[in-house]
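To keep things clear, I will list the structure first and then write my remarks on it.
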Amino acid sequence: MKEFRVLIVDDELDFLETIVKRLKRRQVDATGIDSGIKALELLEKEHFDVVILDVRMPGLDGIETLKEMKKKRPLLEVIMLTGHASVESGVQGMQYGAFDYVMKPADINDLLEKIKAAHERKALHEEKVRETKMI
Amino acid sequence: MPNESRYTIHELYPYAASVLTAGLAIALCLSKEIIWAAVALVLAVTSFLAARRLTREIKKANEQKCHLDQQLIQSQKLAAIGELSSGIAHEINNPLAIIGQETEWMKQIMKGDGLQAPDAPDELRDSLREIVSQVDRCKEITHKLLDFARKKEPLIQGADVNKLIEDMARLVEKEASQKNIKLVRNYQKDLPRVQTDPPLLRQVVLNLLNNAAYAIGKDGDISISTRQSANNSVELVFSDTGSGIPKEHLDKIFDPFFTTKPPGKGTGLGLSISHSIIVKLGGRITVASEVGCGATFTIHLPVEASKGEV
Ligand SMILES: Nc1ncnc2c1ncn2[C@@H]1O[C@H](COP(=O)(O)OP(=O)(O)OP(=O)(O)O)[C@@H](O)[C@H]1O
Ligand SMILES: [Mg+2]
């Protein structure tokens, strides 16, 4: 599969570090960041294909961050991270255009599969945009 | 002369009399009965003219009917748009009215030295909170509407539908179990992978599960089953033991803004969005229900991507 970049956004630093490490071990180009605002800023400067986004964060919460991201980068695919206590926001996330969600503590294989599917979708989307531009 | 190729055999019947009398005229002419031949000829010509008049009238009537049909379709369309707009207007007007009342109230508080009153800050905060929540509601409605209107073309990917549904089931299960609602799974194990738009399908599944849980309220079952069915398609069935749907509502539940939830609770867009998604995915969604016996929603989806036209 072509190289692609994944951004993980979560305020729980332990979780963030482990997941970045695990993904890297599986040859995924993963970057971690600990707030929605910082994630949005980073997206201005760097290119990412898939974002994994915690729904529960202080400051800008996951849903608000998701909306902003989709506004700025409509082709970006976002996977929501929900805890047992935040399923309601998971549902909301799906309605606001998240590609999928993963329940914490995320099973790494499940997550990896979803990341791949999300990336595949982004590639399909880009291809479609290119096609329509060519016509 | 009318263009014959555009006429069916029935439309030529009126000309039969003129053809016959014309034949008679020729026959009489050949047998030298000139006077009778002339009479027959006159008859042939008059019946021809009459027939022509008749067919023209029929044609005109047909055209008028076509025109009327078109007008009817147009007026049905307008009625649908009218219904939709009054739905939107109604949905937006309620929050607007509340916002209006709250601002009036805030003005009232701030009049004179009302701000000095001990409970003024709390009152103001309350009003503001209400205004914010009403604005959020308006936003939700417009967001859903835009989503509905936007012609999002599906992006087709292979999906394990059992897994897709199971993920969504887990998402609603926690809240459901607190209300003693049990999710019963019946997934066909070797279900073929389906070429579809996964996030769109997830939205539909969520809508159906949420509706089912709402209809049950407390204590009941939601059964989910998947199976392969004829014509290379899969069948996804969601049944619940909830309140059921009255007969007179069955053909309305897929309409935008149709809801039986109390004002301010549901948008009534869940099922209409789901319906349009399933059509886009080349499938169909149907409902069967009896009041008191719950409801069953069935989705048929093609295994291979086939683009449905909306
Ligand atoms: N499983 C069900 N059992 C009984 N009635 C149902 C069921 N699903 C839908 N309905 C009826 O169909 C109506 C429309 O459903 P729809 O999902 O479109 O909107 P809603 O659920 O009322 O609002 P929203 O989805 O925005 O919360 C519901 O209000 C309800 O009357
Ligand atoms: Mg609903």
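Each chain gets a letter, A, B and so on, in the order its sequence line appears, and its residues count up from 1.
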Exercise. At what distance, to the nearest 0.5 angstrom, does CE of Met94(A) lie from CG of Leu206(B)?
Worked result: 6.5 Å
Exercise. To the nearest 0.5 Å, how far apart are CD in Gln95(A) and CG in Asn210(B)?
Worked result: 7.0 Å
For this session: Might you point out which heavy atoms bring Lys128(A) and Pro154(B) nearest each other, and give the distance in Å?
Result: NZ-O, 3.0 Å
Exercise. Which atom pair, heavy atoms only, marks the closest approach of Pro198(B) to Arg121(A)?
Worked result: CD-NH1, 4.4 Å
What donor-acceptor contacts under 3.5 angstrom involve side-chain atoms of residues 18-29 of chain A, with partners at least two apart or in another chain?
residue, atom, partner, partner atom, Å
Thr18(A), OG1, Asp14(A), O, 2.5
Thr18(A), OG1, Phe15(A), O, 3.2

Problem set entry | Pairwise ring pair (Phe, Tyr, Trp, His ring centres under 6.0 Å) hits with a residue in residues 252-288 of chain B, at least two apart | His249(B)-Phe258(B), Phe254(B)-His275(B)
For this session: Measure the shortest side-chain to side-chain distance between Glu77(A) and Pro199(B) over non-hydrogen atoms and say whether it is less than 4.5 angstrom.
Result: no
Exercise. Considering residues, nucleotides and ligands other than Arg56(A), do more than 12 of their heavy atoms fall under 6.0 Å from its CZ?
Worked result: no
For this session: Name, in order of residue number, those residues of residues 162-184 of chain B that have a heavy atom at a distance of less than 4.5 Å from a heavy atom in chain A; otherwise write 'none'.
Result: Lys163(B), Asp167(B), Met168(B), Arg170(B), Leu171(B), Lys174(B), Glu175(B)
For this session: For chain B, find its close neighbours in residues 98-115 of chain A: heavy-atom separation under 4.5 Å, sorted by number, or none.
Result: Ala98(A), Phe99(A), Asp100(A), Tyr101(A), Met103(A), Asp110(A), Lys114(A)
